[in-house]
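Here's the structure we're looking at; comments come further down.
Each chain gets a letter, A, B and so on, in the order the sequences are listed, and its residues count up from 1.
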Amino acid sequence: MAVVDSEFTLDLPVPASRSGAGFATALLAWYDGARRRLPWRAEPGEKPDPYRVWLSEIMLQQTTVETVMDRFRRFLALFPDVFTLANAPLESVLAEWAGLGYYARARNLHACAREVAAKGGRFPDTVEALARLPGIGDYTAGAIAAIAFGRPVAAVDGNVERVMARVHRLADPLPHAKPALRRLTQALVPAERAGDFAQALMDLGAGICQPKMPTCGRCPVARFCAGAAAGDAASYPRKVAKAARPTRHGIAHVAIRDRDGAVLLRRRPPKGLLGGMMEVPGSEWREGAAPSSTPPCPGDWRPLNVAVEHTFTHFHLILTVEVARVADFAAAGEWHRPAHLDQAGVPTVFMKVLRAAGVV
DNA sequence: TACTCGTGGCG
DNA sequence: TCGCCAAGAGT
């Protein structure tokens, strides 16, 4: 009955104990008593708002619930509906997104809002149509279709992958196992309450079937779980080893205007790393020795004693910071006063630079 | 397919 | 301290 460890294929029928209504019924019964109350989540009996569901799903991509809680409320207060968002300048959306990371999400969010608004303001209600919108991939399309529109489709995020890999004791490592895990999940989706089912799986993954310490003793679906039965749930899902992170070096020039303490910032190119966000002018970031760079304006440039370090997803960065108080002059960029830097759209790495320089 | 793309928290 | 992890998508 248990799926053997070497099983990679999914053409075999799902074992009866892990298929059909039993799993979903047990999970939903648990969810009815244990569901988290979250700002974007409709209360029982409430009709979900597709705009809020969509916004929350984008914001939650690779981002913790804890972080999103406050940011979601802030964002919704500024952009309460899809038309407000569509009509807002991209720069204001990026500024509000600053610090959240993965800024392509904000660019795609804005582009998606414009598409939806241009077609009347209603989000499509099928996985296929949703997945055609910018920033909406397989997971998010499923989540919106299920949560906002009740479609009986799977929403397979990292939580669900983990739960399913354990339930089935799947030996195939991620990311190769993703399509298999999607099919295994879809096979369990109930005809009714598909949105609750999706959210229940995520609550289960977040609260009980946690990455390093699953508490199978409190799990409502442990009796359906091969990993719980074998006592090795924590060893799933298997994953392929990740590549080592290289270190890049660079220089950042903090120009402080004598007159009022304003600092010189520039807008980065619209795509790529930190695309569209504001930056402190500086050198390129390269592996090996720090590249030389010309300051953005003349001045008495002095290096700080302490370098600024920041880790991105795929590389570590060490920035040497040089500071100068400079006279007012026409520079390629914008002068921002310290009091308003939190509204300028400065990503975290450059906020670290400004803190090191004593600007904020 | 494999790589790019942020940030903060935690064991 | 440091790798792992968090409601992934685009290319």
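A:Arg107 comes within contact range of no nucleotide atom at all, as no heavy-atom separation falls under 4.0 Å. Among the atoms of the strands shown, only primed sugar atoms or phosphate atoms (P, OP1, OP2) are found under 4.0 Å from some heavy atom of A:Gly99. In this structure, A:Ser56 reaches neither bases nor backbone, as no heavy-atom distance under 4.0 Å exists between it and the strands shown. Within 4.0 Å of A:Leu38, counting heavy atoms only, lies at least one base atom of the nucleic acid. Among the heavy atoms of the strands, none lies under 4.0 Å from A:Ile58. A:Pro134 comes within contact range of the sugar-phosphate backbone alone, with a heavy-atom separation under 4.0 Å but no base atom that close. A:Val65 comes within 4.0 angstrom of a base, heavy atoms only. When heavy atoms are screened at a 4.0 angstrom cut-off, A:Thr63 is found touching base atoms of the nucleic acid. Among the protein residues, A:Trp40 comes within range of the nucleic acid bases, having at least one heavy atom under 4.0 Å from a base atom.
For the pair A:Lys271 and A:Ala206, both in contact range of DNA chain C, the more 5′-proximal nearest nucleotide belongs to A:Ala206. Where A:Thr313 and A:Lys212 meet DNA chain B, the nucleotide closest to each residue was compared, and A:Thr313 sits on the side nearer the 5' end. Checking A:Gln62 against A:Ala243, the closest nucleotide of DNA chain B that is more toward the 5' end is the one next to A:Ala243.
At the phosphate of B:dC5, OP1 or OP2 sits under 4.0 Å from a side-chain N or O atom of A:His314. Listed pair A:Arg162 / C:dC5 fails the phosphate criterion, with no side-chain N or O lying under 4.0 Å from OP1 or OP2. Within the structure, a side-chain polar atom (N or O) of A:Thr140 is placed less than 4.0 Å from OP1 or OP2 of C:dA9. Taking side-chain N and O atoms only, A:Thr311 has no distance below 4.0 Å to OP1 or OP2 of B:dT7.
Going from atom NE2 of A:His316 over to atom C1' of B:dT7 covers 14 Å, rounded to whole Å. Atoms NZ (A:Lys239) and P (B:dA2) sit 17 Å apart, rounded to a whole Å. Rounded to whole Å, the distance from CD on A:Glu161 to P on C:dG8 is 9 Å. Whole-Å rounding puts the A:Leu130 CG to C:dA7 C1' distance at 15 Å. Look at CD on A:Glu66: it is 13 Å from C1' on B:dC10, rounded to the nearest Å. The CE-P distance, from A:Met213 to C:dC4, rounds to 19 Å in whole Å. At whole-Å resolution of the value, CZ in A:Arg182 and C1' in C:dA9 are 12 Å apart. Atom CG of A:Leu174 and atom C1' of B:dT1 are 15 Å apart (whole Å).
Closest approach to the A:Gln61 side chain among B:dG6, B:dG8, C:dG8 is made by C:dG8 (side chain taken as heavy atoms from C-beta onward). Here B:dT7 is the nucleotide among C:dA7, B:dT7, C:dG10 with the atom lying nearest to any side-chain atom of A:Phe312. The side chain of A:Tyr102 sits closest to B:dC5 out of B:dC5, B:dT7, C:dA9. Candidate nucleotides C:dG8, C:dA7, B:dG6 were compared by shortest atom distance to the side chain of A:His310, and B:dG6 ranks first. When distances run from any side-chain atom of A:Leu60 to the nucleotides C:dA7, B:dG6, C:dG8, the shortest one goes to C:dA7. Listed nucleotides: C:dA7, B:dC5, B:dG8. Nearest to the side chain of A:Leu273: B:dC5.
At least one donor-acceptor pair closer than 3.5 Å links the side chain of A:Arg268 to the backbone N or O of A:Leu273. Distance alone, capped at 3.5 Å, places no donor-acceptor pair between the A:Asp196 side chain and the A:Leu28 backbone.
Aromatic ring centroids of A:His310 and A:Phe312 lie under 6.0 Å apart.
As rounded to the nearest Å, B:dG8 and C:dA9 have P atoms that lie 22 Å from one another. One P atom belongs to C:dA7, the other to B:dC3, and the distance between them is 24 Å to the nearest Å. A gap of 22 Å separates the P atoms of C:dA6 and B:dC5, to the nearest Å.
Under a hydrophobic-cluster definition in which Ile, Leu, Val, Met, Phe, Trp and Tyr are linked whenever side-chain heavy atoms come within less than 4.5 Å, directly or via other members, A:Leu341 and A:Leu100 are assigned to the same cluster.
For the side chain to side chain contact (heavy atoms under 4.5 Å, CB included) test with A:Trp40, the passing option among A:Leu55, A:Leu76, A:Val65, A:Ile147 is A:Val65; the others fail.
Interatomic distance, CZ of A:Arg162 versus CG of A:Asp157, reported as 8.0 Å (0.5 Å rounding).
Judged by atom type and distance alone, A:Thr64 does not reach the base of B:dG9 through any side-chain donor-acceptor pair under 3.5 Å.
Side-chain contact check for A:Leu188 versus A:Met164: some heavy-atom pair is nearer than 4.5 Å.
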| request: Start with the C-alpha distance between A:Arg151 and A:Asp125, add both sets of side-chain angles, then the distance that settles salt bridge (charged side-chain N to carboxylate O under 4.0 Å, His left out), and finish with yes or no. | output: CA-CA 8 Å; A:Arg151 298 267 181 185; A:Asp125 63 354; 3.3 Å; yes

